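Working notes for the structure below.
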Amino acid sequence: MSNPVRVRFAPSPTGFLHVGSGHSALANWLVARQMGGEFLLRIEDTDVERNRPELVDNVLEMLHWLGLDWDGTPVHQSERGDLYAAAAEKLVAAGSVYFCDCTGDVVQARNKEAGGKPGYDGFCRDRNLEPGPGRAARFRTPHEGRTGWDDLVRGEVSFANADLEDFVVLRGNGAPMFLLANAFDDADMGITHVIRGEDHVNSTPKYLLLVDALGMARPEAFAHMPLLVNEGRKKLSKRRDDVSMSDYRDRGYLPEAMVNYLALLGWGPADGVEVRPISEIIDLYRLADVNASPAFFDQKKLSFVNAETIRGLSSEEFQRRAEPFLTYGAPAVAALASLATEVQERVRTLTEVEPMIEFLVVDEPEMDEASWTKAITKGKAVAEMLDATIARLDALAPGDWAPEHIQAAVSQAAIDAGHVNEEGGPQLSKAQGPVRVAISGRTVGPPLWESITVLGRDRTLARLRGTRASVG
RNA sequence: GCCCCCAUCGUCCAGCGGCCUAGGACGCCUGCCUUUCACGCAGGUAACACGGGUUCGAAUCCCGUUGGGGGUGCCA
């Protein structure tokens with residue numbers, strides 16, 4: 001029996017949690033939950049200059065929102081300086097590193113002179129410099145051999161050691177670099193599976209060499225997840241692309257839909273059922289089945305998954321989820337309650353809910369110009385239809401103000417106004433346009449009879465008369 | 001430049017040597033249902049990058065080409 005699985009998500013607090021990081025975090029979480037292992041969090045905040053501690057809150061908040069619950073307390077690298085110093089000391093003692101006083105500019109100048117190849121040229125490798133202020137410690141990479149691993153998603157990957165430059169392990173100010181802290185921590189924390197983005201593939205051989213030099217155990221496995229790309233097939237970037245997880249939350253996406261969609265990027269269930277509960281995804285997910293090629297983050301498909309997920313909610317749950325998006329407060333909550341199932345089936349995101357019931361909340365619905373043009377300006381027998389509808393609705397007994405009677409009344413009005421089909425029946429598709437626009441300001445919305453029922457007699461009649469007046 | 005990775009419909013996924021006349025999903029288009037919209041239903045559109053091998057047989061294996069991406073910091 002091998003060790004229980006232990007994975008980690010290791011964000012650096014340099015920005016809001018983005019969908020690409022969410023994708024990697026999810027893969028880690030799925031593996032941990034499936035295997036009954038642990039999902040740990042480690043904040044990689046070794047770069048004091050770039051750190052924005054407040055962003056840690058966003059990362060944690062978003063992971064929590066997504067339902068990616070972690071085990072234990074997040075580890076902060078900024079609090080583990082002594083450990084890295086001791087590890088570095090070990091490397092020095094073993095002769096695995098050497099000190100270097102070359103500045104970036106100097107290295108660059110030398111490279112330019114030598115023919116423009118980037119990377120450190122090993123200038124100080126044999127200078128036997130003593131440690132001192134401003135002197136960085138560089139790892140002495142072997143010049144022969146290869147370093148590789150069997151990647152769970154990519155298969156065998158290996159690099160010639162000769163292609164690996166002597167990378168910095170300790171900065172001139174004594175602070176640890178990413179690779180040292182990262183590799184040391186994984187070993188120290190007993191991480192069994194390192195699951196991260198493809199952009200880390202190139203640093204993995206260095207990581208491995210470092211772990212070996214430290215005399216620590218290599219992780220059992222690595223998995224480098226496909227990168228998420230934009231329409232230009234470029235890695236999703238904070239600047240260009242729509243990647244902030246909290247933005248999606250604010251735009252009315254459900255966390256379970258986001259997680260469901262993210263799982264579908266690079267992977268798909270064998271039975272082809274794409275929209276499904278996370279519990280099933282936990283059971284079915286296999287890193288070995290994850291594609292190695294980059295995946296396009298398709299907002300259209302995300303919307304589809306979101307709409308499906310919304311429709312799968314119970315009505316009560318749907319209303320509960322929509323509530324934070326109702327800017328009109330209690331009246332909107334009540335309005336939604338009266339038309340919940342009708343609205344639920346029609347929205348793709350939670351932000352689309354309020355516009356659909358707004359006509360029930362405001363005194364005067366905002367008139368959509370395109371709708372007005374389509375149904376009123378260009379409509380046929382508009383005045384007749386409005387007059388007839390007013391008359392028929394006004395004649396309805398108070399106790400009859402219900403969908404079926406309203407339907408009957410409007411149908412009669414349609415016939416009155418001449419909106420009839422070949423059999424002489426009411427042609428509702430044409431007739432309902434002006435009525436709908438009159439009461440809601442738009443040509444699209446929840447079913448008319450229910451809408452009118454909920455709107456109530458007085459407001460319905462008032463709006464119909466108001467619209468009739470402006471038709472002239 | 002160098003190193004690494006990738007390559008099936010526009011997009012995501014299936015396919016792991018014969019079941020492929022290449023399947024599903026999103027998108028798009030048609031039609032049906034229908035009080036608008038949405039849902040649902042029935043169709044349609046559309047792909048194995050190219051060239052060599054290996055094999056009785058290749059989308060599937062190997063090599064190359066081309067194309068794309070990632071990395072190349074005293075960032076993570």
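Not measured: the values here are computed from a predicted model. A note on names: the letters A, B, ... follow the listed sequences, proteins ahead of strands, and every chain is numbered from 1.
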**Study point:** Donor-acceptor pair between Thr141(A) and Asn161(A) side chains, under 3.5 angstrom
**Key:** no
Exercise for review: By nearest nucleotide on RNA chain B, pick out whichever of Ala270(A) and Val201(A) is the more 5' one.
Suggested key: Val201(A)
Check your understanding: Is Asp368(A) reaching over with its side chain to a backbone N or O of Thr443(A), donor-acceptor style, under 3.5 angstrom?
Key -> no
Review point. To the nearest angstrom, how far is Asp271(A) atom CG from A25(B) atom P?
Key: 13 Å
**Study point:** Heavy-atom protein contacts under 4.0 Å, nucleotides 63-76 of chain B, coded B base, S sugar-phosphate only, - none
**Key:** ------BBSSBBSB
Review point. Does Asp166(A) reach the main-chain N or O of Gly122(A) with its side chain, forming a donor-acceptor pair under 3.5 Å?
Key: no
Review point. Rounded to whole angstroms, how far apart are CG on Asn161(A) and P on C3(B)?
Key: 15 Å
**Study point:** Leu264(A) CG to C13(B) C1', straight-line distance once rounded to whole Å
**Key:** 7 Å
Point to revise | Protein-to-nucleotide contact annotation, 5' to 3' order, nucleotides 33-44 of chain B [B base; S sugar-phosphate only; - none; under 4.0 Å, heavy atom] | key: --BBBBSS----
**Study point:** Euclidean distance, atom CD of residue Glu156(A) to atom C1' of C4(B) [Å, nearest integer]
**Key:** 14 Å
Polar pairs (N or O, both sides) under 3.5 Å between protein and nucleotides 58-61 of chain B?
none

**Study point:** Spacing of Trp267(A) atom CH2 relative to G15(B) atom P, expressed in whole Å
**Key:** 12 Å
Exercise for review: In whole angstrom, give me the gap between the P atoms of C20(B) and C26(B).
Suggested key: 23 Å
Practice item. Give the rounded distance in Å between these two atoms: CG of Asn306(A) and P of G27(B). Key: 13 Å
Point to revise | Partners passing side-chain contact (heavy atoms from CB on, under 4.5 Å) against Phe325(A) (at least two apart in sequence or in another chain) | key: Leu350(A), Thr351(A)
Practice item. Searching all strands shown, indicate the nucleotide that pairs with G23(B) (Watson-Crick or G-U wobble; both distances under 3.5 Å). Key: C13(B)
Exercise for review: Tell me yes or no: between the side chains of Gln299(A) and Tyr248(A), is some donor less than 3.5 Å from an acceptor?
Suggested key: yes
Check your understanding: Given the C1' atoms of G1(B) and U55(B), what is the spacing between them in whole Å?
Key -> 40 Å
Please tabulate, for the side chains in residues 126-137 of chain A, all donor-acceptor contacts under 3.5 angstrom to protein atoms that are two or more places apart in sequence or on a different chain.
from      : atom 1 : to        : atom 2 : distance (Å)
Arg127(A) : NH1    : Asp101(A) : OD1    : 3.1
Arg135(A) : NH1    : Glu130(A) : O      : 2.8

**Study point:** Nearest-Å distance once atom P is located in both C48(B) and C5(B)
**Key:** 26 Å
Check your understanding: Hey, is Arg251(A) close enough to Asp242(A) for a salt bridge, meaning N to O under 4.0 Å?
Key -> yes
Practice item. Give none if A59(B) has no partner; otherwise give the nucleotide forming a Watson-Crick or G-U wobble pair with it, both distances under 3.5 Å. Key: none
Point to revise | Pairwise C1' distance for C41(B) and G53(B), with rounding to whole Å | key: 49 Å
Practice item. Can you sort out the partners of Tyr285(A) under ring pair (Phe, Tyr, Trp, His ring centres under 6.0 Å), two or more places apart, ordered by chain and number? Key: Trp267(A)
Exercise for review: With side-chain hydrogen bond (donor to acceptor under 3.5 Å, both in side chains) as the test, would you mind laying out the steps for Asp45(A) and Ser78(A) before giving the verdict?
Suggested key: CA-CA 6 Å; Asp45(A) 50 358; Ser78(A) 54; 2.8 Å; yes
Check your understanding: Which pairs, with at least one residue in residues 411-422 of chain A and sequence neighbours excluded, count as a side-chain hydrogen bond (donor to acceptor under 3.5 Å, both in side chains)?
Key -> Arg392(A)-Asp416(A)
Point to revise | Complementary nucleotide of G73(B), counting Watson-Crick and G-U pairs under 3.5 Å | key: none
Point to revise | P-based separation of C39(B) from C29(B) [nearest Å] | key: 13 Å
Review point. When you look at Ser315(A) and Gln319(A), which way does the side-chain hydrogen bond (donor to acceptor under 3.5 Å, both in side chains) test go after all the steps?
Key: CA-CA 6 Å; Ser315(A) 178; Gln319(A) 292 173 62; 3.1 Å; yes
Side chains of residues 167-184 of chain A: which donor-acceptor pairs under 3.5 Å do they make with residues two or more places apart or in other chains?
from      : atom 1 : to        : atom 2 : distance (Å)
Arg171(A) : NH1    : Pro176(A) : O      : 2.8
Asn173(A) : OD1    : Ala175(A) : N      : 2.9
Asn182(A) : OD1    : Arg196(A) : NH2    : 3.4
Asn182(A) : ND2    : Glu44(A)  : OE1    : 3.3
Asn182(A) : ND2    : Glu44(A)  : OE2    : 3.2

Practice item. Can you establish whether the number of heavy atoms outside Arg240(A) located under 6.0 Å from its atom CZ is more than 12? Key: yes
Practice item. Could you work out the separation of A46(B) and U8(B) based on their C1' atoms and round it to a whole Å? Key: 12 Å
Practice item. Report, as yes or no, whether the 6.0 Å neighbourhood of atom NZ on Lys206(A) holds more than 12 heavy atoms from other residues, nucleotides or ligands. Key: yes
Review point. Can you list the residues that meet the side-chain contact (heavy atoms from CB on, under 4.5 Å) rule with Asp283(A), with sequence neighbours excluded?
Key: none
Review point. What is the distance, rounded to the nearest whole Å, between atom CZ of Phe296(A) and atom C1' of C26(B)?
Key: 11 Å
**Study point:** Pairwise P distance, G67(B) and G23(B) [rounded to whole Å]
**Key:** 31 Å
Check your understanding: Are Phe304(A) and Tyr261(A) near enough that their ring centres are under 6.0 Å apart?
Key -> no
Exercise for review: Please check if the side chain of Ser440(A) supplies one atom and the backbone of Arg436(A) the other of a donor-acceptor pair under 3.5 Å.
Suggested key: yes
Check your understanding: Mind checking who A7(B) pairs with, Watson-Crick or G-U wobble, both distances under 3.5 Å?
Key -> U66(B)
Exercise for review: Write down the partner of C37(B) under the Watson-Crick or G-U wobble criteria, each distance required to be under 3.5 Å.
Suggested key: none
Practice item. Could you give the distance separating C6(B) and C63(B) at their P atoms, to the nearest angstrom? Key: 12 Å
Practice item. Would you please name every residue forming a side-chain contact (heavy atoms from CB on, under 4.5 Å) with Val454(A), sequence neighbours left out? Key: Ser338(A), Leu339(A), Leu360(A)
Exercise for review: Return the nucleotide paired to C48(B): Watson-Crick means purine N1 to pyrimidine N3 with N6-O4 or O6-N4, wobble means G-U with N1-O2 and O6-N3, both under 3.5 Å.
Suggested key: none
Study note, to complete from the structure: Nearest-nucleotide check on RNA chain B, Ala295(A) vs Leu302(A); residue mapping nearer the 5' end is Ala295(A)
What nitrogen or oxygen pairs link the protein and nucleotides 21-24 of chain B at under 3.5 Å?
from   : atom 1 : to        : atom 2 : distance (Å)
G24(B) : N2     : Glu274(A) : OE2    : 3.2

Revision key, fill the gap. Numerically ordered, the residues 282-292 of chain A set in heavy-atom contact under 4.0 Å with RNA chain B is Asp289(A), Asn291(A), Ala292(A)
Point to revise | Nucleotide C26(B), atom P - distance to CG of Asn260(A) in whole Å | key: 13 Å
